[in-house]
Protein chains: 2
Amino acid sequence: MRIRDFSRPTTLNEDRLFGQVAQKLAVAIISGRIHAGELLPNEDDLRADISVSRTAYREAVKVLTAKGLVEARPRSGTRAAPRERWNLLDPDVLSWHLEADPNEKFIRDLFELRRFVEPSAARLAAQRRSAADIARIEAAYRGMVENPPYAEVTIRADLAFHEAIFAAAQNAALQCLASAVAATLQWSMLLKTGDEAAYVESLPDHEHVLTAIVERDGDLAAARMAGLVIDSLNTTLASLGSEVPEAKIARIKHTK
Amino acid sequence: MRIRDFSRPTTLNEDRLFGQVAQKLAVAIISGRIHAGELLPNEDDLRADISVSRTAYREAVKVLTAKGLVEARPRSGTRAAPRERWNLLDPDVLSWHLEADPNEKFIRDLFELRRFVEPSAARLAAQRRSAADIARIEAAYRGMVENPPYAEVTIRADLAFHEAIFAAAQNAALQCLASAVAATLQWSMLLKTGDEAAYVESLPDHEHVLTAIVERDGDLAAARMAGLVIDSLNTTLASLGSEVPEAKIARIKHTK
DNA sequence: CTTTCTCTAATCGTATGACTTTATCGCAGG
DNA sequence: CCTGCGATAAAGTCATACGATTAGAGAAAG
């Protein structure tokens, strides 16, 4: 049982039949149960799980094709695509990753990306934010403070905090990466539930980011956001049970 | 007539019927001919263009749903989604943008994203590159030098150059942004075909990035890549016929 | 024995029509 | 004015049939 459906609501309806099939197949591919070989558990094993018509099945496959997870060719069949082709930043693909087992390398990759992107987003937010943006970020921050750690509302507020900053940056392309950030946050929550200390410690850091944005100090906002990301990575990887010397060095470098 | 199908081959087959329908609808939505209101030109106007069955139409819609362009609800109909929901970084969505009229704000957004991301990618590439990576980047660079400017092979080589650098960075999530970079490059090509001077001038800059990566100098590679991006933005926006004072200031800041 | 060609068969793609589910809207009743 | 219930429109699902494409086997040629 996992957290799901936060961030922006994925248009791919999950209580629709084809959506369930898509999810089932996607998780099977992402988790590696289906390699880059033949997909389609013979189209009949599917019928075993849930009795679905060819229509529903095909529409599910179309969704997966659109996200790069599978490739269908006339005679050879529908195959699971190699990982390089997956749209890893697609919100659905990211959320399906949460259903599979944690893939440490991928989580690191996501955090690394976030480390490059989110400080820049914070800088832009500081430069471009409107009063409404501030209100939105503040509201999210209050949601984080006023609710118990790791409650659903709290997590939602955390996601909203980061998303609001992206929104304030006024860059549509950049904003699409908010779902990737949301994914890293959810990984954190999944992995370190119970470690309330780390969460509480991060609260002031969030506030500092907020004040930097309010004061329109781009460099400061970026630096503080970088610190936030690094800390998050460290505690997350710690929960994952691995050493992270390199990341710790990086923090010093980025926050100066 | 536009450049198309570079970068990684999109799995969404264009000579398949549902693919054509998807593209047609997507371009209509992206170009703004269909607003965030009712989609579905009544399912019959489509039959006017190309006579398509409900099956093909529905599968096309599923693809668009998967990419966030439309939302279908039982009673109210299938509507074009608001832009915030689009997966702007999806390779197909990006390439569909190339079919629509240039949207200056979006092009700027893409370049801005690229400015944040690609230097970091270059830095990682310098730190992590293998001999094979170098060979791939070099081969692409040679393709750029040895062919006439703006020829198809040349453009392809340019895209390959940048993509190879992303590959060398060894970060799957980051690599997904290569298609966004490819999109900006294609916009450049579309807008400033004929300006051979700008292209020829950029060649040494590419070579400098390459040598920095060869020498494993991360900071240098990042700085040089940043310069490349800014130059590209400037000449591109110039062709678009607008002033770009702010971007020029940025260059000084980033290359230091 | 190797190469090339053709032809088959498996699989995806497309077409149709009927039926089910969902949720909106309007009317009737409280 | 509010409440609820049923008509209704649109998407969703199912079943079936046929067409298009091509991998791969087997035949024919060298």
Side-chain angles (χ1 to χ4, degrees), chain A residues 5 9-26 29 34-82 85 92, chain B residues 9-26 29 34-81 85 92:
Chain A
D5 259 359
T10 176
T11 54
L12 171 45
N13 213 328
E14 251 190 45
D15 47 40
R16 224 83 259 173
L17 197 41
F18 76 91
Q20 294 171 29
V21 178
Q23 156 133 0
K24 200 177 274 277
L25 289 174
I29 293 173
I34 302 178
H35 301 82
E38 190 82 10
L39 174 73
L40 174 74
N42 277 334
E43 189 170 344
D44 297 322
D45 298 8
L46 253 294
R47 300 266 174 90
D49 271 22
I50 320 167
S51 156
V52 301
S53 73
R54 194 162 163 238
T55 310
Y57 173 78
R58 294 201 90 246
E59 298 197 341
V61 168
K62 277 295 163 301
V63 171
L64 299 185
T65 329
K67 297 180 185 300
L69 291 181
V70 306
E71 292 171 338
R73 306 171 67 93
R75 152 75 195 221
S76 55
T78 305
R79 300 167 174 285
R85 293 247 185 58
D92 292 312
Chain B
T10 175
T11 54
L12 170 45
N13 214 329
E14 252 192 43
D15 48 40
R16 226 83 262 171
L17 195 42
F18 75 90
Q20 295 170 30
V21 177
Q23 156 134 0
K24 199 177 275 274
L25 289 174
I29 293 173
I34 301 178
H35 302 83
E38 190 79 12
L39 175 72
L40 175 73
N42 275 336
E43 187 172 344
D44 296 322
D45 298 9
L46 253 294
R47 300 264 174 89
D49 273 20
I50 321 167
S51 157
V52 301
S53 73
R54 204 173 150 230
T55 310
Y57 173 79
R58 293 201 91 248
E59 298 198 341
V61 167
K62 277 295 163 300
V63 171
L64 298 185
T65 330
K67 297 180 185 300
L69 292 182
V70 306
E71 291 171 337
R73 305 170 69 94
R75 157 73 192 233
S76 54
T78 305
R79 300 167 173 284
R85 297 254 180 64
D92 291 312

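Numbered from 1 within each chain, the chains take letters A, B, ... in sequence-line order. Values below: every heavy atom of this structure, side chains too, minus hydrogens, waters and symmetry copies.
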Does a side-chain N or O from A:Lys62 land closer than 4.0 Å to OP1 or OP2 of C:dG13, or not?
yes
Which of these, A:Val70, A:Leu64, A:Thr65, sits in a side chain to side chain contact (heavy atoms under 4.5 Å, CB included) with A:Thr78?
A:Val70
To the nearest Å, give me how far apart OH (B:Tyr57) and P (D:dG12) are.
10 Å
Atom CZ of A:Arg16 and atom C1' of C:dA23: how far apart are they, to the nearest Å?
10 Å
Heavy-atom nearest nucleotide on DNA chain C taken for A:Ser76 and for A:Thr55; more 5' hit belongs to A:Ser76
For A:Asp92 and B:Ala66, work out which heavy atoms get closest and say how close.
OD2-O, 4.3 Å
Please tell me if the side chains of B:Glu71 and B:Ser76 come closer than 4.5 Å, counting only heavy atoms from C-beta onward.
no
Picking from C:dT14, C:dA15, D:dT21, the nucleotide nearest the side-chain atoms of B:Phe18 would be C:dT14
Taking all non-hydrogen atoms of both residues into account, name the closest pair between A:Arg16 and B:Pro74 and its distance.
NH1-CG, 4.0 Å
When rounded to whole Å, the CZ to C1' distance for the pair B:Arg54 and D:dA15 reads 13 Å
Roughly, in whole Å, what's the span from CG in A:Leu17 to P in C:dT21?
12 Å
Between CD of A:Glu59 and P of D:dC14 the distance, given in whole Å, is 10 Å
Verify the contact: side-chain N or O of B:Ser53 to OP1 or OP2 of C:dA15, cut-off strictly under 4.0 Å; return yes or no.
yes
Using whole Å, what does the distance between atom C1' of nucleotide C:dG13 and atom CD of B:Gln20 come to?
12 Å
Measure from the side-chain heavy atoms of A:Arg73 and tell me the nearest of C:dG13, D:dC14, D:dA23.
D:dA23
Comparing A:Arg79 with B:Arg75, nearest DNA chain D nucleotide closer to 5' gives the residue B:Arg75
Would one find a side-chain N or O of A:Arg58 under 4.0 angstrom from OP1 or OP2 of C:dG13?
yes
